[in-house]
Structures are given as structure tokens and as C-alpha cells.
Amino acid sequence: MQKKLKLWDATMLVMGSMIGSGIFIVSSDMMRNLGSGYWLIAVWVITGIMTVAAAISYGELSAMFPKAGGQYTYITEIFGKMTGFLYGWGLFTVIQTGTIAAVAMAFGKFTAYLIPALNNSDPIFQSGTFKITWVQILAIVVILLLTFINTKGVKNGKFLQNLFTASKIVSLLGIIVFGFLFVKDSQWASNMSFGWNSFQDFGKEVGNDLLPTGWKSIGSITLLGGIAAAMVGSVFSSVAWENVTFVSGEIENPKKNVVKSMVLGTSVVMVLYMLVNFVYLNALDRDAIAFADKNRPAVAASEVIFGNLGTVIMAVLVMISTFGCINGLVLAGARVFQTMAKDGLFFKQAIANNRNDVPEKSLWMQGIWASVLALSGQYGDLLDMISFVIVLFYMITVFGVIYLRIKKPGIERPYKTWLYPVTPLIYLIIGTAFCVLLIWFKPQYTWPGFILILLGLPVYWYINRKKSA
């Protein structure tokens with residue numbers, strides 16, 4: 001593959017893939033689980049430490065295996081084809097495609113702020129609880145449009161990624177600055193007055209609204225479950241940075257630039273996320289964050305900052321953010337499925353590049369399946385378990401750094417993990433705690449993920465039976 005992506009492009013891909021719709025939404029659910037400004041910030045700090053520690057650890061593997069496929073390649077090289085296939089299976093069935101579908105739906109829903117007719121019109125089709133709406137159609141159009149643009153070459157995808165990532169970073173910085181300059185009645189002291197005490201209020205549904213029922217103080221055991229549940233949102237908002245490893249084969253000097261882009265990109269994004277949450281805590285009181293209309297604290301805060309114009313400003317920002325995020329996910333994901341196909345673990349049609357030197361058929365396979373998920377309406381249920389599954393595979397990959405240090409100490413390592421073994425151990429300890437707490441307190445977030453991955457086993461055996469026949 002041609003080396004068309006520079007360090008700047010790779011960093012923009014990291015940041016653009018991370019910043020989607022999550023940061024504008026998840027803090028409401030996090031506050032309902034924890035009920036304190038201190039704990040809201042603490043969970044974002046924990047997630048930030050996790051994310052940067054993983055990026056630093058991945059750097060060692062990216063330098064050792066600087067080729068397309070990224071995380072799939074690392075897992076396959078270290079733990080074998082079956083483990084690599086299970087990761088790729090999860091990536092195609094829900095992790096990458098489900099995220100594309102969810103972010104595209106977020107684009108559609110925020111577009112409906114500007115074009116109310118999208119929400120107000122009757123469904124195009126409805127049978128029981130299943131329905132097809134114009135918002136879903138818009139989401140699918142965006143997915144297919146960005147897939148088409150990326151089939152025309154890396155240059156097009158790179159241009160869009162840089163443009164939209166730069167736009168949303170500038171926009172976020174604007175929200176952060178104005179969020180402290182323009183708010184007349186700061187809620188910061190009120191939100192921080194609870195200290196390290198924790199509370200929960202999951203509200204009750206009244207029509208289409210979620211209304212508070214009263215905050216209840218929670219003890220240390222319930223708090224652990226609350227932290228794990230809150231982290232589902234913060235982790236989901238902070239994933240996809242590893243997408244840059246998928247396109248390692250197209251990055252200049254990948255042995256150095258992939259790790260630089262991951263560490264720089266994740267660090268900047270996590271700082272931005274922290275500052276955005278500071279804005280929420282400054283502009284909105286606890287109830288306003290937890291029970292923001294349609295779980296959109298960003299819109300509520302923007303209305304406080306900018307008045308009636310705030311809804312429009314935030315809708316445009318989220319549209320920019322989600323459009324750029326989808327582009328990054330589309331650009332990167334197809335490279336993994338192409339690499340899997342070369343290994344005989346995916347449809348062989350995905351192998352070939354088109355005349356623009358990009359895996360066109362792999363791009364369309366990914367785009368069509370993501371569109372099906374958006375049309376089905378099941379992407380939300382699938383995403384409930386994504387954070388758990390992603391963290392499991394992150395842990396496997398980070399453990400691979402330690403495993404290779406023990407098994408193959410003499411292998412060339414152009415870059416070595418900073419503060420090894422502390423850095424990978426930090427991630428493994430936090431990740432293990434997160435997964436154990438979810439299994440204990442929120443099993444509905446975990447067992448579907450196990451089933452999804454296990455369903456890949458008969459598929460793997462069938463593929464290998466065909467190959468050996």
C-alpha cells in the first residue's frame with residue numbers, strides 16, 4: 001500500500017474516530033449512577049488513565065508489526081489465528097459496524113433539531129414495534145455516502161477526516177471557553193458540594209420524558225456498581241483510537257508515527273472530554289445534567305450558554321462531530337477485513353484494491369452491514385455490550401505486550417512501552433476491575449458480548465474445515 005498518511009493525518013484519525021456523539025450524551029447516565037460532581041470527574045479521570053495507558057502499550061506492538069490490520073494483526077501474531085478471528089468477527093458484526101450505525105443515527109437525530117419534519121413525519125414503514133423512519137434513512141445515506149467517498153482513494157478520506165476533526169476540535173474549544181465566560185449563574189459549587197458522597201436516581205418515564213424521583217444515598221458496594229455502569233458510557237466515548245493501527249500500512253514511518261499519533265491523540269481528546277464535563281458542571285445543576293432532555297446535557301448546557309441559539313449551535317457541532325467520526329471509522333475498519341481476507345478468514349472478495357488503491361469491496365461490505373444495523377434499530381441494544389467486549393480485547397492485546405516480553409525477549413522493539421511493566425499493568429488492573437464489576441452488577445452488559453464472541457467459534461471452525469477439505 002502507498003504511504004499517503006503523515007503523522008498529522010494519523011493523529012487526526014485518532015482524534016476524529018474518538019470524538020463522536022458520546023461526549024455530548026453519556027454524562028447524563030453517568031450522573032444518574034453517581035449523583036456527584038466529584039465522582040463524575042473521577043470516572044472520566046479513570047477512563048483517561050486507562051485509555052492513554054492502553055495507547056502507550058499498543059505503541060510497542062505497532063512498532064513491532066507495522067502493517068495493515070493493526071489490533072487484529074497483533075492478536076493473530078501473538079495468540080494465533082483463532083483469537084485474531086474472534087476479534088475480527090466481533091469487529092465486523094458489531095464493534096465497528098454497530099458504532100458506525102449508532103454514530104450515524106446520532107447524526108440523524110441531531111439533524112432533526114434543525115429539520116423538525118424528520119422527527120414529526122410518520123414512519124415510512126411500521127409493523128408492530130419495528131419501524132423505519134426518515135432519521136434512519138438519513139443515517140444510511142450518510143454511511144453509504146462516506147463509504148463511496150472512501151472508495152475514491154485515501155486522499156479523499158484523509159481530507160474529510162482532517163477537515164471535520166479540526167472543525168470539531170475548534171468547536172469544542174469554543175464551547176469550553178464560552179462555557180466559563182458566558183454562564184452567569186455557575187452551578188459548580190452546588191455540584192461539588194456533595195463531595196465524595198454518592199447518590200443514584202434513575203428517574204421515571206413520563207411520556208417521552210425522564211423525570212427525577214429523588215436522590216438516594218448509596219453505600220460503597222452499590223457505588224462500585226455505579227462506577228462500572230457509569231464507565232460504560234465514558235469508555236464507549238473513548239474507544240476507536242486504535243483505528244489508526246488498522247491503516248498502519250498506509251502511514252509514513254509507521255514504526256514511529258503510529259505510536260506518536262495514538263499517545264498524542266488520546267491525551268488531547270481525554271483533556272477535551274474533561275473540560276467539556278467541567279462546562280456541564282458549571283452550567284447545569286445536578287438534576288439538569290442527569291435528566292437533560294433526551295439525555296443530551298450538551299444541548300442543555302449550550303442553551304444556558306448561548307440562549308435559544310444554543311440548540312442550533314450544538315446540533316451543528318454534533319453533526320460535524322459525528323460526520324467526521326463516521327468517516328474515520330469507515331476509512332479504517334475496511335483495512336482489517338481486507339487483512340482477514342488475505343489470511344483466509346473473511347470473504348476473499350475483500351482482498352483486492354481498486355484502481356484508487358483502496359479495498360473497495362471491503363468498504364462496501366462494512367457499509368452495507370452497518371446500514372442493516374441502522375435499519376434494524378438494534379444497534380442500541382448491541383452497543384450496550386460494546387464497551388465490555390472492547391475492553392476485553394484491549395486487555396488481551398495489552399497483555400500481549402507482557403507475554404511477548406517474556407516469551408520473545410530478543411525480538412526487535414523499535415519502541416518500548418514507557419514505564420513498562422507499570423503502564424500495561426495499570427490498564428489490566430483497571431480493565432479487570434471494570435469487567436468484574438459489570439459481570440457482578442450489570443450482567444445484561446456482559447453475557448450478550450460473550451455469546452456474540454462465542455458465535456464466532458463455529459464460523460471459524462467451518463471456515464477452516466472448508467480450507468482443509
Side-chain angles (χ1 to χ4, degrees), residues 13-34 40-41 43-48 50-52 54 94-110 139 142 164-165 168-169 171-172 175-176 227-243 265-266 268-280 289-290 292 294-302 314-315 317-329 370 373-374 379-391 394 434 438 445:
L13 178 58
V14 171
M15 298 177 70
S17 299
M18 287 179 73
I19 306 172
S21 58
I23 185 58
F24 306 106
I25 298 170
V26 299
S27 293
S28 284
D29 184 66
M30 293 170 71
M31 183 61 89
R32 290 196 295 272
N33 273 287
L34 298 168
L40 181 67
I41 293 171
V43 169
W44 281 106
V45 169
I46 293 168
T47 305
M50 274 183 77
T51 304
V52 177
V94 67
I95 294 172
Q96 195 79 359
T97 50
T99 305
I100 290 171
V103 178
M105 285 297 295
F107 175 90
K109 288 175 180 177
F110 277 90
V142 169
F164 279 88
T165 300
K168 60 186 168 184
I169 291 170
S171 301
L172 278 176
I175 295 291
I176 290 163
I227 291 171
M231 284 183 66
V232 169
S234 61
V235 167
F236 174 69
S237 303
S238 309
V239 298
W241 50 267
E242 77 282 2
N243 274 241
T266 54
V268 171
V269 169
M270 294 315 300
V271 169
L272 286 173
Y273 280 2
M274 190 68 62
L275 293 173
V276 169
N277 277 275
F278 286 172
V279 170
Y280 297 160
I289 296 173
K294 296 182 177 66
N295 283 328
R296 292 167 186 171
V299 173
S302 191
M314 190 51 63
L317 170 54
V318 176
M319 288 171 65
I320 292 170
S321 179
T322 50
F323 195 84
C325 180
I326 299 163
N327 182 70
L329 296 170
L373 291 179
Y379 62 90
D381 297 332
L382 293 169
L383 287 179
D384 281 342
M385 65 190 179
I386 267 192
S387 296
F388 179 78
V389 173
I390 290 176
V391 169
Y394 279 166
F434 170 70
L438 274 188
Y445 288 137

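We're numbering straight along the sequence, starting at 1.
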Engineer: Please report the interatomic distance CE(M30) to OG(S237), rounded to the nearest 0.5 Å.
Structural biologist: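 Output value for this atom pair is 7.5 Å.
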
Engineer: What's the separation between atom CD1 in I176 and atom CG in L275, rounded to the nearest 0.5 Å?
Structural biologist: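 Nearest 0.5 Å value for the CD1-CG distance: 4.5 Å.
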
Engineer: State, yes or no, whether a side-chain contact exists between N277 and I41 at a heavy-atom distance under 4.5 Å.
Structural biologist: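 The answer is no; the side chains never approach within 4.5 Å.
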
Engineer: Locate the shortest heavy-atom distance separating G328 from N243; write the atom from each residue and the value.
Structural biologist: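 Between these two residues, the closest heavy atoms are O-OD1, 4.0 Å.
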
Engineer: Quick one, W241 and T51 - any side-chain contact, counting heavy atoms below 4.5 Å?
Structural biologist: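 Yes; the side chains approach each other to less than 4.5 Å.
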
Engineer: Going by heavy atoms in the side chains, are L172 and V276 under 4.5 Å from each other?
Structural biologist: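 SC-SC contact between L172 and V276 confirmed.
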
Engineer: How far apart are the C-alpha atoms of V232 and Y445, what are their side-chain angles, what is the distance that settles it, and do they pass the side-chain contact (heavy atoms from CB on, under 4.5 Å) test?
Structural biologist: CA-CA 9 Å; V232 169; Y445 288 137; 4.0 Å; yes

Engineer: As an exercise, state the distance from CG of L13 to CE of M18, rounded to the nearest 0.5 Å.
Structural biologist: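 Between L13 CG and M18 CE, I get 11.5 Å after rounding to 0.5 Å.
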
Engineer: Do any side-chain atoms of residues 319-326 form donor-acceptor pairs under 3.5 angstrom with protein atoms, and if so which ones, sequence neighbours left out?
Structural biologist:
from, atom 1, to, atom 2, distance (Å)
S321, OG, I19, O, 3.3
S321, OG, G20, O, 2.7
T322, OG1, V318, O, 2.7
T322, OG1, M319, O, 3.2

Engineer: Closest heavy-atom contact between S234 and V26?
Structural biologist: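 Taking S234 first and V26 second, the nearest heavy atoms are N-CG2, 4.4 Å.
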
Engineer: Specify the closest pair of heavy atoms between A290 and N295, including all atoms of both residues, with the distance to one decimal.
Structural biologist: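 Looks like O-OD1, 4.3 Å.
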
Engineer: To the nearest 0.5 angstrom, please state how far the CD1 atom of I23 sits from the CE atom of M270.
Structural biologist: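 I23 atom CD1 to M270 atom CE measures 8.0 Å (nearest 0.5 Å).
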
Engineer: Do you know which two heavy atoms are closest between A101 and A374, and how far apart they sit?
Structural biologist: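 Minimum heavy-atom contact is CB-N, 3.8 Å.
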
Engineer: Can we call the ring centroids of W44 and F278 under 6.0 Å apart?
Structural biologist: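 When the ring centroids of W44 and F278 are compared, they turn out to be at least 6.0 Å apart.
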
Engineer: If you look at every heavy atom in T99 and I386, which pair is closest and at what distance?
Structural biologist: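 Scanning both residues, the minimum pair turns out to be OG1-CD1, 3.7 Å.
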
Engineer: List the steps, then state whether side-chain contact (heavy atoms from CB on, under 4.5 Å) holds for F434 with I227.
Structural biologist: CA-CA 8 Å; F434 170 70; I227 291 171; over 6 Å; no

Engineer: Which atom pair, heavy atoms only, marks the closest approach of S27 to Y280?
Structural biologist: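 Scanning both residues completely, I find the closest heavy atoms to be OG-CE1, 3.7 Å.
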
Engineer: Look up atom CG in L438 and atom CE in M231, then write down how far apart they are to the nearest 0.5 Å.
Structural biologist: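 Answer rounded to 0.5 Å: 8.5 Å.
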
Engineer: Starting at CG of L317, measure out to CZ of F110 and round the result to the nearest 0.5 Å.
Structural biologist: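 Answer rounded to 0.5 Å: 9.0 Å.
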
Engineer: Checking Y273 against T47 for the side-chain contact (heavy atoms from CB on, under 4.5 Å) test, could you report, in this order, the C-alpha distance in whole Å, the side-chain angles of both residues, the deciding distance, and whether it holds?
Structural biologist: CA-CA 10 Å; Y273 280 2; T47 305; over 6 Å; no

Engineer: Check salt bridge (charged side-chain N to carboxylate O under 4.0 Å, His left out) between R32 and all other residues, then give those that pass, not counting sequence neighbours.
Structural biologist: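 So R32 forms a salt bridge (charged side-chain N to carboxylate O under 4.0 Å, His left out) with D29.
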
